[in-house]
Amino acid sequence: MGRYVIRRLLQALLTLFITLFLLHYLTALSVQIRGNPALLFFGGERTPDPAMLAQIERLYGLDNTCFDRPGDPCLGPFVERLQNYAAGDFGTTLNGNRDVGELLTIYIPNTLRLFIFSTITLVTLAMVLGTWAARRRGGLIDHSVRGATILIDSVPVFLILLAYVYILAVPLTNWARDIWGAESFMGQVFRPNYNPDYPWTTIIIPGIIVGTVGLATLTRLVRASQLENLGSDFVRTAKAKGLKTGRITVVHVVRNSMIPIVTGVGYTFAFALSGAVLTEGIMGIPGMGRMIFQAVQRQETNLIIVGLTVTAVVVILVTLVVDLLYAVLDPRIRYD
Amino acid sequence: MAETTGPAADVLPGSDMNAPLLEVEDLRVEFAVRGRRIPAVRGVNFALEQGKTLAVVGESGSGKSVTSQAIMGILDSPPGFVTGGEVRLRGVDLLQQDEETRRTVRGNHIAIVFQDALSALNPVWSVGFQLGELYRVHRGAGRRAAEQKAIELLDQVGIPDAKNRVGHYPHQFSGGMRQRVMIAMALALDPEVLIADEPTTALDVTVQAQIMRLLRRIQDERNMGLILITHDLGVVADVADDVAVMYAGQIVERANIHDVFARPAHPYTKALLRAIPRVDAVGRELEVIPGLPPNPAALPSGCPFHPRCRAADPERCGDEEPPDRQAAEGHLARCHFAEEVYRDER
Ligand SMILES: Nc1ncnc2c1ncn2[C@@H]1O[C@H](COP(=O)(O)OP(=O)(O)OP(=O)(O)O)[C@@H](O)[C@H]1O
Ligand code: SF4
Ligand SMILES: [Mg+2]
């Protein structure tokens with residue numbers, strides 16, 4: 001077990017390092033090929049005063065000659081950036097000159113809240129529906145579950161969001177306020193947009209909506225892995241032991257099916273970021289998805305790199321957690 | 001002995017201790033496959049007395065496992081259905097009982113050991129948990145008491161260092177030790193009938209012998225009825241009291257083991273006997289039964305064995321299904337010429 005954990009941790013660190021380097025190298029290449037982004041600061045056409053340009057280049061870490069040599073990996077600035085990150089310095093935005101580190105302390109928790117709610121929704125729905133469908137395989141319930149989840153999953157998430165924001169949110173909010181008052185949980189939860197005074201409550205509904213992304217896939221995964229276990233020899237043993245159906249399902253089927261499901265959840269978590277971009281945009285949630293989207297629009301190189309770095313860290317962490325959960329769930333891995 | 005730690009569901013309501021331990025009468029099982037009904041068990045009859053061992057022998061696909069699953073009530077259903085017959089335990093027809101009663105019969109009265117212990121044990125739970133589960137569910141034992149019981153059981157089936165092994169997972173045991181765990185699990189609630197479905201097929205020869213000795217010992221100690229399923233007559237020679245030979249979902253010969261070995265009354269049994277390697281016939285070539293076991297979805301007309309039978313009468317055997325004939329006292333064979341075969345005249 002100990003060796004397994006250490007191996008996975010080292011793998012995660014290595015992956016992180018390689019990802020960061022690739023990210024750096026690609027941006028360096030784009031600067032080398034497409035030209036100096038510091039010029040943008042002066043608004044395109046005009047040729048800036050060389051002294052001022054040099055100052056700006058220094059400010060954004062573009063003053064290294066390596067940026068003039070296409071293909072140069074620019075290791076100096078890379079090491080510098082890692083050192084800055086380690087010291088908690090993520091630079092500033094071109095637009096408004098705000099401290100990126102400070103922005104992250106607002107954005108990351110919001111996106112995490114969104115992910116918490118979406119993951120809970122996705123896992124709960126998929127587990128319940130998948131288990132139900134597996135136990136009634138081939139029957140009406142099985143087919144209905146499949147149809148319904150495919151239907152929900154195939155409607156693009158932004159359509160559900162728009163429909164919610166423009167059709168349901170306002171009447172629901174008014175109705176809830178009449179009964180419970182504007183400052184209550186119910187009065188806030190249906191709001192069509194984010195409210196910084198209620199950072200948890202107003203992210204519940206968007207979280208649930210994002211949680212429908214990948215529902216059909218995960219439900220089928222749950223169903224398939226449970227069916228596989230239902231037909232297995234050890235379930236026959238469990239029946240032969242005179243266990244009740246409920247206990248067999250929970251102790252011998254669901255528990256064993258968790259292993260592929262954990263993988264599935266890990267994947268959907270990584271994909272949920274694209275859902276986050278849309279949701280945070282439409283519902284006005286200041287989070288990582290919206291930040292990356294705006295950074296791309298405004299060509300904020302530093303912000304893009306920071307955003308993608310955070311994303312990479314999250315994906316690698318989730319993968320690490322999935323690997324560790326495997327070990328918890330499957331003794332064959334634990335005692336390798 | 002594994003005495004109970006709590007309320008025991010030990011007496012089956014309505015049972016009569018003077019009735020035979022287990023009687024199977026005209027048991028029929030069909031599988032619904034793609035809209036067709038395929039008969040896998042076609043009227044099986046046998047009886048098992050306390051303390052006796054019945055060997056059920058037959059080629060792959062003859063219906064041995066399906067019969068045992070139907071007795072246990074653990075057929076995969078659908079596609080499998082019991083379509084007729086009786087399974088009487090001490091006079092009570094189990095097939096007429098509700099699911100709750102049948103559930104308490106499993107483990108408490110009839111237990112089963114499967115062939116492949118690696119897949120028959122749940123890989124994610126320790127063997128202690130899987131053994132203790134029986135006491136927790138059926139006897140309401142607590143975690144501690146259940147584990148203690150598990151250790152005792154592992155010890156009884158000859159697993160060394162049971163105290164430490166109890167927390168181990170199935171994949172950490174060798175094949176033979178895993179099969180011992182399986183046997184321990186079947187013994188946990190002290191059943192009267194133990195079914196062992198090819199308990200040694202997955203093991204190598206020395207381990208096979210150890211497992212057979214273990215089964216024999218515990219059957220002696222506990223005075224259980226044992227149904228030993230195998231496709232190898234040689235394995236059961238010195239363990240079984242009676243033999244039932246299965247072919248195409250029927251028992252084609254049923255007798256005392258000595259009679260079957262000395263004077264088989266069915267050509268199929270004869271062929272099986274010729275296929276056993278024997279020490280006294282080194283150098284003699286082993287005979288293989290020609291042809292393949294029949295497909296239950298397309299059984300031959302008449303006697304299902306006739307396409308492979310040496311003794312077949314070309315007219316009669318292809319048309320007329322043979323009844324059970326008594327070749328000698330207590331020696332039944334499903335062959336038109338049972339008496340002649342018995343006297344070795346055919
Ligand atoms: N799940 C199933 N679906 C359809 N048919 C089945 C199923 N299980 C068993 N059968 C049928 O029942 C027949 C008997 O199978 P069974 O497993 O009892 O054979 P067996 O005598 O135990 O053979 P083996 O020595 O290979 O274990 C098979 O030939 C097969 O046609
Ligand atoms: S009935 Fe005929 S075919 Fe069948 S076993 Fe007897 S002799 Fe052979
Ligand atoms: Mg079998």
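Labels below follow one simple rule: chain letters A, B, ... track the order of the sequence lines, proteins then strands, and each chain is numbered from 1. Small disclaimer: the values here were computed from a predicted structure and weren't measured.
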For the interface with chain A, which of E99(B), Q172(B), R103(B), Q69(B) has the highest count of heavy-atom pairs at distances below 4.5 Å? R103(B)

Does this structure show an ion pair linking D76(B) with K239(A), if we count only N-O contacts that are shorter than 4.0 Å? yes

Measure from the side-chain N and O atoms of K241(A) to the backbone N and O of Q130(B), and report whether any donor-acceptor pair falls under 3.5 Å. yes

Which pair of heavy atoms, one from G242(A) and one from V137(B), lies closest together, and at what distance? O-CG1, 4.5 Å

R220(A), CZ: over 12 other non-hydrogen atoms inside 6.0 angstrom: no

Against chain A, work out which of V124(B), I74(B), V113(B), V105(B) has the most heavy-atom pairs shorter than 4.5 Å and name it. V124(B)

Spacing of F114(B) atom CZ and T237(A) atom OG1 [to the nearest 0.5 Å]: 5.0 Å

Heavy-atom side-chain proximity of P123(B) to F234(A) below 4.5 angstrom: yes

Who wins among A120(B), A186(B), A117(B) for the most heavy-atom pairs under 4.5 Å with chain A? A120(B)

Which atom pair, heavy atoms only, marks the closest approach of P331(A) to H171(B)? O-CE1, 3.5 Å

Interface moiety of L230(A) toward chain B, non-hydrogen atoms closer than 4.5 Å: neither

If we ignore hydrogens and angles and just use 3.5 Å, is the side chain of W125(B) paired with the main-chain N or O of V251(A) as donor and acceptor? yes

Could you tell me which of N229(A), D330(A), L243(A) has the largest number of non-hydrogen atom pairs under 4.5 Å with chain B? L243(A)

Does CZ in F17(A) sit with more than 12 non-hydrogen atoms of other residues, nucleotides or ligands closer than 6.0 Å? no

Value rounded to 0.5 Å, distance of CG in D233(A) from CG in L118(B): 9.5 Å

Heaviest contributor of heavy-atom pairs below 4.5 Å to chain A, chosen from R102(B), E100(B), M72(B), E133(B), is E133(B)

L121(B) versus chain A, the contacting section by heavy-atom distance below 4.5 Å: backbone

